[in-house]
Amino acid sequence: MKRTRPSAAKRKSYKDDSSDSDGEGDFRGSSDSDVPLARKKTADSKAKTNGSSKTNGTNGTSRTKAAPKYKEDSSSDSDAPLAKKAASKKTSTPTKTKVKTEPVSSSKSKQSTTTIKKRGKEDVDDKSKIKKVKKEEADDKSKVKKVKKEEDEDEDADAWWLNQKENEDESVKWTSLKHNGVYFPPEYVPHGVKMKYDGKPITLAPAVEEIAGFFGALLFTEHAENPTFQENFFKDFSKIAKAHKTSPEITSFKKCDFTPMYEYYQAEKEKRKNMTKEQKEAAKEEKLALDEMYGTCYLDGRKEKVGNYRIEPPGLFRGRGKHPKTGCLKLRVQPEQVSLNLSKDAPIPKAPAGHKWGAIVHDDTKTWLATWKENVNDSTKYVFLAAGSSLKGQSDLKKFETARALKKEIDWIRRGYMADLKDKKMFIRQRATAMYLIDRLALRAGNEKGEDEADTVGCCSLRFEHVTLEKPNIMHLDFLGKDSIRYQKTVEVDEQVFKNIRLFKREPAQEGDDLFDRLKTSELNKHLQNLMKGLTAKVFRTYNASFTFQDQLEKKTPKDGTIAEKLLAYNRANRDVAILCNHQRAVSKGHAGQIGKIEDKVRAYKYQRMKQKKMILSLEPKLKKKRPELLEPESDLEDDWIEEHEAQLMEKERERIKAKFEKDNLKRKENKEKPMPAGELKDLLKEVDVRAKELAKERKTGVVPPTRGATVEKCNAQILKLDERIAATRLTLTDKEENKQTALGTSKINYIDPRISAAWCEKHNVPLDKIFTKTLRDKFKWAMTVDADWEF
DNA sequence: GCTTGGACTTAGGAGGATTAGG
DNA sequence: CCTAATCCTCCTAAGTCCAAGC
């Protein structure tokens with residue numbers, strides 16, 4: 001069942017579209033829609049949605065709890081917790097979106113600006129454009145250059161992008177398809193390790209042991225600690241245990257102790273790590289053999305890679321966020337459940353011994369090779385071709401061509417929805433407002449979701465509690481999006497958008513009610529299709545991502561920079577896109593430590609700089625007046641730290657001397673010379689002690705006597721060098737900090753037209769493999785033949 | 001029409017492989 | 001050379017969108 005809006009049925013009765021031609025006036029009371037408790041979701045879940053930002057979470061729960069049931073809409077503007085955010089206000093063009101999330105975000109507001117500022121100039125004939133697109137589309141395709149012959153000579157026949165046939169029936173995906181079926185995970189091999197129940201080891205039948213093992217392997221992970229996960233797991237586990245008549249019967253999760261199994265699997269892991277070279281080699285061989293057998297197929301006579309040919313092994317369903325079914329047992333898939341798709345003339349692969357295939361179909365309008373139903377969510381699983389296959393490549397190309405088509409239409413489309421923001425019909429207003437958000441903020445469409453899924457939203461499914469307003473036109477968004485990733489941004493929106501959202505948030509404003517209460521993604525997409533063939537909500541994401549990337553890349557690339565500098569620019573442009581699309585990753589567990597290390601490095605440089613400065617003063621005391629900056633203490637350099645740092649330096653020095661001494665002696669031995677006496681080493685080490693004392697004295701007096709051969713000039717040069725190093729290290733520091741929770745991969749793989757990257761590499765002489773891994777080069781091979789001047 | 005589910009893209013994390021740094 | 005950090009691949013969940021089915 002769908003998790004339809006609580007008031008879905010009632011909605012009609014009091015908010016019928018036919019009655020709202022009078023615009024804002026129709027938002028009347030009818031407070032009867034009582035929201036099911038199930039709706040009591042909060043946005044603060046999901047540990048990985050960065051604890052740091054959690055603290056200032058302005059989302060629904062806290063405020064709605066306290067807020068009066070029917071508050072004046074104005075109250076939402078002046079909510080206390082938001083007040084301080086006003087600092088983020090920007091007095092700039094209304095369309096500029098200032099995104100304010102984590103510490104550093106200046107770059108991203110820049111990009112939004114550019115995305116936006118082009119609009120509004122040309123005035124165009126709306127309808128005639130549509131026709132034009134088609135023609136241009138065809139032109140663009142022919143522009144794709146002939147392959148410069150490269151390593152792939154014999155693969156020329158595989159270069160589907162060279163002979164793209166026009167007007168081909170798009171629904172037919174292949175004329176011939178042959179493959180070897182799918183690979184099933186090996187049967188379970190019992191290990192006999194006993195879990196404990198009520199403190200005592202308990203014997204389990206293999207089928208039960210296997211499931212206990214699933215949980216045991218996850219012990220001490222977030223999943224195993226999650227109560228929902230435990231509950232779902234235990235329900236399935238105890239049922240199976242009961243069917244196998246364990247004694248005693250397993251009835252209480254609390255009495256279960258899976259640690260023996262946990263330890264067993266840990267040991268297995270360790271074993272795997274310590275495999276000998278030969279064993280590793282053998283494992284590789286095995287994998288290669290499987291790849292050959294199942295990983296390849298023939299599509300229209302061409303050899304192509306299959307993606308996920310392994311049937312998913314049984315295990316515990318690991319739903320993300322607050323998935324109600326997380327922890328449920330995912331059963332082993334039997335061949336009888338699996339259907340294969342191949343051509344009529346293709347030999348039918350043999351099913352595993354003693355088994356039969358569920359069905360054999362010959363559907364040339366489908367790209368899947370195999371499919372089955374999964375038991376937890378009753379969803380369909382597929383085996384598809386790999387990302388580098390022609391089929392995937394073609395749809396990738398099509399996707400980006402649609403996004404490019406949007407680029408040509410975007411101006412009038414934007415003008416259109418901006419005008420619609422004031423439409424009398426509430427439905428149209430909501431639609432326009434949603435389009436605005438999807439376009440400007442790159443939100444996802446936001447389909448309705450079922451009750452037995454995690455409560456996450458996209459644009460059309462936003463609820464009141466996800467949006468708060470702050471006068472004059474600031475909007476705070478805080479909700480869980482796909483994969484329960486938190487979307488938390490503060491943006492400046494168009495005045496009319498602000499007014500509309502305030503209007504949508506009017507009574508009966510209750511937590512749980514939809515912001516866009518009469519808009520569905522299907523209707524939105526239908527409208528988009530009318531504006532442009534192939535246009536759907538997700539195209540805006542693709543378009544904005546690729547456009548932003550190209551734009552930023554152009555601006556950031558230093559024309560005469562080194563490759564490394566250019567790559568930095570590339571990654572920064574990439575990051576802008578990732579931030580736009582809210583692609584996040586968990587902050588790695590070592591992050592804080594790594595930052596600390598780099599900070600220490602900066603401090604070490606500062607320490608050296610301090611020494612140099614003082615040395616200058618010893619050389620030339622007069623400079624105290626002329627260059628007072630020499631007297632200024634370095635920031636962030638505490639006495640305690642210096643002392644410790646020096647101790648470390650000395651310790652390192654001693655280590656170094658010892659190592660060198662031993663190495664020298666080894667050499668002498670080889671040369672049949674006498675080893676140096678141990679006394680020699682002692683003397684060397686004594687020098688270090690002397691140096692340590694000197695340093696202690698310098699610390700006390702603050703005077704650093706010049707080293708041999710030191711001059712003011714040399715010291716100045718040193719200081720300059722240190723300045724540079726400090727700046728550079730600081731840069732990596734901010735870079736790292738900014739990157740810690742931003743994942744660049746997703747946008748690179750799915751949103752950024754690879755031809756932009758290919759052209760850029762060509763233009764700036766950057767080797768392709770610096771930006772695309774082998775798999776990505778393979779996935780994007782259709783895009784690698786563009787000229788340096790290709791434009792998205 | 002409206003719902004349901006099929007088919008395909010998009011998503012982050014796990015864990016192994018590789019590279020960098022000490 | 002060894003270890004830690006980073007990169008890359010695999011895995012499968014979770015979206016989007018559309019068309020079938022009522």
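All chains are named by letter (A, B, ...) in the order of the sequence lines, taking the proteins before the strands, and each is independently numbered beginning at 1.
- In this model, a donor atom of one side chain and an acceptor atom of the other lie less than 3.5 Å apart for A/T365 and A/D363.
- For A/N341 and A/T371, the side-chain atoms include no donor-acceptor pair closer than 3.5 Å.
- The NZ atom of A/K779 sits 12 Å away from the C1' atom of B/dC8 (whole-angstrom rounding).
- Rounded to a whole Å, the NZ atom of A/K366 is 8 Å from the C1' atom of B/dG6.
- Ring planes of A/F780 and A/W782: perpendicular class, angle over 60° (limits at 30 and 60°).
- Side-chain atoms of A/K781 come within 3.5 Å of backbone atoms of A/G388 as a donor-acceptor pair (strictly under, hydrogens ignored).
- Residue A/T775 places at least one side-chain N or O closer than 4.0 Å to OP1 or OP2 of C/dT9.
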Reading 5' to 3' through nucleotides 17-22 of chain B, protein heavy-atom contacts under 4.0 Å coded B for base, S for sugar-phosphate only, - for none: ------
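- A/L369 has its CG atom 18 Å from the P atom of B/dG6, to the nearest Å.
- Considering only the side chain of A/K392, B/dT9 comes nearest among B/dT9, B/dT3, B/dG12.
- When rounded to the nearest whole Å, the span between CG of A/D396 and P of B/dC8 equals 14 Å.
- Taking atom OH of residue A/Y265 and atom P of nucleotide B/dA14, one finds them 19 Å apart after rounding to whole Å.
- Residue contacts for A/T326: at a heavy-atom cut-off of 4.0 Å it reaches no nucleic acid atom on any strand shown.
- Checking A/S379 against A/S588, the closest nucleotide of DNA chain C that is more toward the 5' end is the one next to A/S588.
- Mapping A/K373 and A/R272 onto DNA chain B by nearest heavy atom places A/K373 at the nucleotide closer to the 5' end.
- Take the nearest nucleotide of DNA chain B for A/K269 and for A/I749: the residue whose nucleotide is more 5' is A/I749.
- Within 4.0 Å of A/K330, counting heavy atoms only, lie sugar-phosphate atoms of the nucleic acid but no base atom.
- The CG atom of A/D452 sits 14 Å away from the P atom of C/dA13 (whole-angstrom rounding).
- If you run salt bridge (Lys or Arg N to Asp or Glu O under 4.0 Å) between A/D483 and each of A/R320, A/R585, A/R444, only A/R320 comes through.
- Counting heavy atoms of neighbouring residues, nucleotides and ligands inside a 6.0 Å radius, atom NZ of A/K305 does not exceed 12 of them.
- A parallel orientation is assigned to the rings of A/F215 and A/F233, their planes being inclined by less than 30° (bins at 30° and 60°).
- In this structure, A/Y751 reaches the B/dA11 phosphate: one of its side-chain N or O atoms is under 4.0 Å from OP1 or OP2.
- Both A/N308 and A/T773 lie near DNA chain C, and the one whose nearest nucleotide falls closer to the 5' end is A/T773.
- Around atom CD of A/E644, no more than 12 heavy atoms belonging to other residues, nucleotides or ligands sit under 6.0 Å away.
- As a whole-Å value, the separation of A/I485 CD1 from B/dT10 P is 17 Å.
- The side chain of A/K381 contributes an N or O atom lying less than 4.0 Å from OP1 or OP2 of C/dA13.
- Between A/D452 and A/N377, the side chains place no donor N or O within less than 3.5 Å of an acceptor N or O (distance only, hydrogens not considered).
- Look at OH on A/Y487: it is 14 Å from P on B/dG12, rounded to the nearest Å.
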Protein-to-nucleotide contact annotation, 5' to 3' order, nucleotides 14-22 of chain C [B base; S sugar-phosphate only; - none; under 4.0 Å, heavy atom]: BSBBS----
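- To the nearest 0.5 angstrom, A/Y188 atom OH is 10.0 Å from A/I211 atom CD1.
- Between A/K520 and B/dT3, a side-chain N or O to OP1/OP2 separation shorter than 4.0 Å is present.
- At B/dC8, none of the side-chain N or O atoms of A/S395 fall inside 4.0 Å of OP1 or OP2 (strictly under the cut-off).
- Contact annotation: A/R310 does not reach the phosphate of C/dT9 (side-chain N/O to OP1 or OP2, under 4.0 Å).
- Atom NZ of A/K399 has more than 12 neighbouring heavy atoms from other residues, nucleotides or ligands inside a 6.0 Å radius.
- With B/dA7, B/dG13, C/dC10 as the choices, the nucleotide that has an atom nearest any side-chain atom of A/A586 turns out to be B/dG13.
- A/T371 comes within 4.0 angstrom of nothing in the nucleic acid, heavy atoms only.
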